[in-house]
Amino acid sequence: AIIEEKIEAADTELTDNAPSEDTPSAGRVYKIPDPYTVLLIVWSTGVVIFFTALIINAAKLKIRLRHASPEEDGTYGTDGIRSAFVSGILRPHIYIPAATEVGDREYILLHEKTHIRYHDQITKMICLAALGIHWFNPLVWAAYILFSRDLEMRVDETVIEILGEE
């Protein structure tokens with residue numbers, strides 16, 4: 001009996017406080033979104049922002065590389081970069097700053113060719129995709145940073161071994 005009275009009181013209160021037919025919000029029902037829906041929207045937004053930033057940075061790099069000139073050794077020299085790197089998946093190219101000293105060039109080429117031999121550019125792209133999907137997880141960011149450091153250390157050690165044999 002007490003429960004029925006409470007239900008009837010609540011029903012009366014809702015009916016009395018309901019908007020009338022001539023109010024603008026009449027007939028509208030506002031639902032609180034499901035927390036999983038909110039999380040999905042936030043996650044999706046983060047993924048879109050991450051990959052959009054990645055595409056924008058790639059486009060900016062491509063613009064800086066458009067004046068790169070082919071060198072005799074199959075590399076490309078340009079003033080638009082500060083350090084050497086490998087770009088491309090199917091046909092990777094080595095880009096070297098134009099102001100690189102001739103003596104340093106041999107070491108840099110060997111370093112970048114070692115990256116190509118180990119297919120590091122493909123591995124890094126896969127890791128970037130994983131990072132984009134797990135953008136919200138600080139452990140994945142830490143893993144990516146440590147992976148990148150380990151990758152460079154492995155290549156440096158390989159180059160040192162090769163140069164030590166010569």
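Below, all heavy atoms of this structure are taken into account, side chains as well, without hydrogens, waters or symmetry copies.
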With respect to H115, which candidate in R117, H111, H119 satisfies the side-chain hydrogen bond (donor to acceptor under 3.5 Å, both in side chains) definition? H111
Is there a side-chain contact between D120 and T114, using heavy atoms and a 4.5 Å cut-off? no
Can you hop from I145 to V155 via hydrophobic side chains spaced under 4.5 Å? no
Taking all atoms of both residues into account, what is the closest heavy-atom pair of F85 and L65, and its distance? CZ-CD1, 3.8 Å
Is there a donor-acceptor pair closer than 3.5 Å between any side-chain N or O of T37 and the backbone N or O of P33? no
Any side-chain heavy atom of Y95 sitting closer than 4.5 Å to one from S87? yes
Just by distance, do the side chain of W135 and the backbone of A130 share a donor-acceptor pair under 3.5 Å? no
Sub-4.5 Å side-chain heavy-atom contact between V140 and I133: no
Taking atom NZ of K124 and atom CG of L151, what is their separation to the nearest 0.5 Å? 6.0 Å
Treat each ILVMFWY residue as a node, draw an edge where side-chain heavy atoms are under 4.5 Å apart, and state whether V48 and W141 are in one component. no
Shortest non-hydrogen contact between F50 and L128, atoms and distance: CE2-O, 3.6 Å
Determine yes or no for a side-chain-to-main-chain donor-acceptor pair under 3.5 angstrom, with S44 supplying the side chain and I41 the backbone. no
Any side-chain heavy-atom pair of Y107 and L163 under 4.5 Å: yes
If you apply the rule side-chain contact (heavy atoms from CB on, under 4.5 Å), what do you find for F147 with R149, and how did you get there? CA-CA 5 Å; F147 163 76; R149 286 182 189 167; over 6 Å; no
Using the rule given for side-chain contact (heavy atoms from CB on, under 4.5 Å), can you reason through I94 versus I108, listing the C-alpha separation, both sets of side-chain angles and the distance that settles it, and then say yes or no? CA-CA 10 Å; I94 299 173; I108 292 171; 5.6 Å; no
Y118 side chain reached by T123 side chain, heavy atoms, under 4.5 Å: no
Flag side-chain contact, heavy atom, 4.5 Å: T75 against H93: no
Hydrophobic clustering (ILVMFWY, side-chain heavy atoms < 4.5 Å, transitive) - are V47 and L39 grouped together? no
If the threshold is 4.0 Å, N to carboxylate O, is there a salt bridge linking D79 and R64? no
To the nearest 0.5 Å, what is the distance between CG (L131) and OH (Y144)? 7.0 Å
Salt-bridged, R105 to E71, with N to O below 4.0 Å? yes
Indicate the atoms forming the closest heavy-atom contact of A84 with P97, along with that distance. N-CD, 3.8 Å
Within this structure, what is the OG1-CG distance for the pair T45 and L40, rounded to the nearest 0.5 Å? 9.0 Å
Nearest 0.5 Å, please: how far is CD1 in I162 from CG in L110? 4.5 Å
Rounded to the nearest 0.5 Å, how far does CG of D104 lie from CG of L109? 11.0 Å
Measuring from I126:CD1 to Q121:CD, what's the distance to the nearest 0.5 Å? 10.5 Å
